[in-house]
Amino acid sequence: MTHVSTRPRRISVSEVLTRLGPPEPMIEAKVRDRIDEYARCFIAHSPLAMMATADAAGRTDCSPRGDYPGFVKVLDERTIALPDRPGNKIADSFRNLDENDGVGLCFLVPGVREVLRVNGSGYVTDEPDVLVRMRTEAKQPQFAIVVEVAETYFHCGRALIRSRLWDPASQALAEGMPSIGEVAAAQFGVDQDPALLEQFLESGYRELY
């Protein structure tokens, strides 16, 4: 019997570009090489950003970054900084930036269907003058990620429109999901022992994620 691979076929980028056709001139013209007043305003209102990095081998990682609106600071028109809030201490982004300084960000504002994309190069800092600007509720981050901006542009809202992300009715999707407690208990193998499970759920397991 001939084995048939289930891996989808790969096509070249030249074929993709041929089939897509060229972008409209105005699409290319929207790309900026700095944080203009509109991008600055968007960042000031954004409580959530997705940050993508990659290591020297090209293995990628994308992580959410969130806090109060404006938690990402615009230091000048070509530089922004993201606070490193307490997390799981895996430090994937830090490790990647040490090997490959490329970084891409998508900023979101609740209720706004467009996304602000920022691309550039990044590094980690503990500069006191930067960290003090990120102090919240008397807590100051230990580190920040500085991004030297290469390009910014607003991405059209089709993805968020199709996803209905900001539609309150979409929150009903969460009802069909297992809780993170159930996921964690299964992954750590404590879901079969009621006593151990109760202890686990009361232990602050969320910090493990």
side-chain hydrogen bond (donor to acceptor under 3.5 Å, both in side chains) involving [X] - partner list, sequence neighbours excluded:
X    : answer
D55  : R59
N119 : E151
D76  : T79

What residues, two or more places apart in sequence or in another chain, satisfy side chain to side chain contact (heavy atoms under 4.5 Å, CB included) together with [X]?
X    : answer
E24  : I27
D36  : R32, Y38, A39
L165 : L108, L160, S163
S12  : S14, E15

According to ring-ring contact (aromatic ring centres under 6.0 Å, His included), who are the partners of F94, at least two apart in sequence or on a separate chain?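 Expected list: F143.
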
Test salt bridge (Lys or Arg N to Asp or Glu O under 4.0 Å) applied to [X] - qualifying residues, sequence neighbours left out:
X    : value
D98  : none
R34  : E77
R40  : none
R117 : none

